Amino acid sequence: MQKTDLIVIGGGPAGISAAVEAARQGAGVSIIDENKDLGGKVLKKDDQGLAKLPVEPIEDKTKKELFAELKQVEKQVNIYSGSEVWDINGQDLNVAFSSKDTKDSSSINLQGKSMVIATGALERAIPFPGWDQPGVFSVGGLNSLVKRGVLPGKSFLVAGSGPLLLLLANNLIKAGADISAVVQTSSNFSLFRNSWKLIKTFSFDKLLLGSKYLLKIRAKKIPVYNGYALAEVKAKSKKKEATIVRLGPGGKPLNSSKRQIEADSIAISYGLLPDTTLTRLCGCRHFYDQQRKYWRVNCDLNMQTSVPKVFAAGDGVAIKGYLASSVEGRIAGLRACAAMGHLNQQVADSKSKPLKVKMHRMSEVGLAIDELSRTGKYIFDLISEQTIICRCEEVSLGDIRRAVQNGARDIEDIKRQTRLAMGHCQGRFCGQVVNELLENLSADKIEPQLFTPRIPARPISFKDLDQ
Amino acid sequence: MDSNDIFDIFIDGRAMKAQKGQTIAEVLLSNSITTCRRTRKGRERGVYCGMGVCHECRMVVDKVPNVRTCMTYVHPGTQVETQDDARIDLSYAKD
């Protein structure tokens with residue numbers, strides 16, 4: 001069993017910031033990150049020189065500053081990269097993690113005195129006919145690939161909702177790809193309304209960036225369909241044929257107004273939501289945020305969860321972007337130090353106060369941006385009986401309907417009858433929509449539920465279990 | 001760039017150029033190979049989330065099945081095979 005003071009799970013902006021603040025107070029820190037490079041998705045350090053696209057100046061500046069801070073305290077920070085936490089104990093404050101090398105994975109147990117969980121976000125995945133075929137990517141996934149010079153095809157359709165669509169489209173343009181269309185569910189009116197919200201929160205930098213991306217898209221004469229949804233994807237020889245449908249009042253699909261668009265590959269996303277795998281496994285309390293429409297871990301303003309000495313920060317708490325995530329990480333790092341006794345509570349209070357003030361303004365920005373990803377409930381009307389809901393176990397909407405007809409009353413019933421959420425991803429994707437589907441199918445009001453988390457949180461071999 | 005950084009990996013027996021630091025999925029997708037495996041019911045699947053959580057990109061790598069190719073880095077001579085979920089060969093486990 002290895003020992004440390006602060007365990008930081010996730011080496012993105014929030015995790016690195018927490019580690020830096022804690023190390024500055026004299027704590028010994030261990031950062032565990034599943035990637036070879038720290039930095040998360042936006043500030044990824046690129047040691048192999050594989051990043052091919054020019055980076056936004058603000059991102060580059062933030063990255064350089066953050067890694068410089070980390071370098072200053074490097075003697076106190078152990079970094080376990082390429083390592084995935086598969087077990088976490090909130091009472092005992094220890095974790096088990098393994099490296100991903102297929103030949104020689106070895107599991108390590110790490111004992112800490114406090115923890116900061118900063119594991120970031122997942123893509124919100126709403127099923128539609130054909131979404132599970134090869135060549136249909138999540139926007140975030142494709143974005144990471146494009147930034148490293150990987151283009152699966154020449155032409156792309158970018159669809160869904162939220163600012164990530166513009167980000168990907170911009171990167172595709174930079175990479176020299178063709179974009180068949182950008183298709184997103186927000187009508188022109190709601191885009192205008194949300195832009196006004198961004199103005200009110202003084203997020204001029206975000207507006208500027210968004211406007212820059214939009215202008216680039218217009219300049220390339222790329223068709224933009226606002227108020228449209230991706231309804232179906234079919235394979236058409238080596239390409240994909242996408243059917244898009246116009247959304248009428250209230251977001252209802254107008255089946256009379258469908259069009260077909262061709263592309264080599266499709267990218268789809270309906271925004272981001274926090275990855276709650278480890279906070280749940282840790283025993284932290286969670287709640288369903290009715291406004292943002294996702295489950296999230298209960299945290300106070302000190303980033304303390306319901307489990308003592310376990311803190312959480314960043315997009316893994318609520319979607320807020322990398323800048324706000326970094327601020328939250330600092331608060332969590334300071335408070336973790338106070339909890340461990342490395343820092344006097346009053347000193348921690350005074351140090352975290354200006355950060356909390358900053359956080360207050362920044363979290364409003366996060367909410368405004370989240371609203372851009374909002375899609376109405378009618379998006380579920382696009383799902384057909386044969387559409388796969390649980391990709392891992394190939395459970396269709398029809399299968400779920402039959403389970404409900406056979407008496408399934410909650411998601412655990414559905415799981416037992418159909419094997420939904422029993423596959424490799426352990427409900428990370430189907431779990432996002434199964435509550436809503438159950439409610440639609442049973443015509444009862446359903447309290448949103450989470451699946452009971454199980455170990456291993458990530459794949460391990462039997463060798464890893466030998467302790 | 002070091003010449004050691006470019007080497008061959010094998011996809012279903014076919015040699016393909018890979019660069020040190022790339023994931024297997026990146027090499028596949030750069031060569032427009034989008035299918036990673038067939039499900040138990042015969043559906044073709046490939047990279048979806050690109051970050052190791054959906055597990056759709058899994059293939060048989062160096063005889064080990066269910067390896068997430070989006071999270072696994074290439075090394076010289078990596079053997080990658082399209083996985084058939086209905087026929088996972090566990091004979092490697094005897095070693």
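Below, read A as the first sequence line, B as the second, and so on, with proteins coming before strands; counting in each chain starts at 1. Just so you know, these numbers come straight off a predicted model, no measurement behind them.
Around NZ of A:Lys154, the count of heavy atoms belonging to other residues, nucleotides or ligands within 6.0 Å does not exceed 12.
Side chains of B:Met71 and A:Glu84 form a contact here, defined as non-hydrogen atoms less than 4.5 Å apart.
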- Message: Would A:Leu122 and B:Met51 count as a side chain to side chain contact (heavy atoms under 4.5 Å, CB included) here? Give the steps.
- Response: CA-CA 9 Å; A:Leu122 287 180; B:Met51 51 187 257; 4.0 Å; yes
- Message: For B:Cys49 and A:Phe429: C-alpha separation, side-chain torsions, deciding distance, then whether side chain to side chain contact (heavy atoms under 4.5 Å, CB included) applies.
- Response: CA-CA 10 Å; B:Cys49 78; A:Phe429 288 93; 4.1 Å; yes
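The distance from the CG atom of A:Leu145 to the OG1 atom of B:Thr23 is 7.0 Å, given to the nearest 0.5 Å.
Heavy-atom distances place the side chain of B:Asn66, and not its backbone, under 4.5 Å from chain A. Of the atoms belonging to A:Lys238, not a single heavy atom falls under 4.5 Å from chain B. Within the 4.5 angstrom heavy-atom criterion, only backbone atoms of A:Leu151 (N, CA, C, O) approach chain B. Contacts of A:Ile388 with chain B are made by side-chain atoms alone, with heavy-atom separations under 4.5 Å and no backbone atom involved. Both the backbone and the side chain of A:Ala125 come within contact range of chain B, with heavy atoms under 4.5 Å apart. For B:Glu56, the part lying under 4.5 angstrom from a heavy atom of chain A is the side chain only.
Panel note: side chain A:Ser138, backbone B:Tyr48; a donor-acceptor pair is recorded below 3.5 Å.
When each of B:Gly52, B:Cys54, B:Gly50 is checked for heavy-atom pairs under 4.5 Å with chain A, B:Cys54 comes out on top. Contact tally against chain B (heavy-atom pairs below 4.5 Å) for A:Val136, A:Asp275, A:Asp46: the top residue is A:Val136. For the set A:Glu393, A:Arg391, A:Glu123, A:Arg428, the entry with the most heavy-atom pairs within less than 4.5 Å of chain B is A:Arg391. In terms of non-hydrogen atom pairs under 4.5 Å with chain B, the most contact-rich of A:Gly49, A:Ala267, A:Pro134 is A:Pro134.
Inspection of non-hydrogen atoms places B:Thr35, B:Thr39, B:Arg40, B:Lys41, B:Arg43, B:Glu44, B:Arg45 of residues 35-45 of chain B under 4.5 Å from chain A.
Across all non-hydrogen atoms, the minimal contact from A:Arg458 to B:Val53 is NH2-CG1, 3.5 Å. Minimum heavy-atom separation, A:Phe137 to B:Leu29: CZ-CD2, 3.8 Å.
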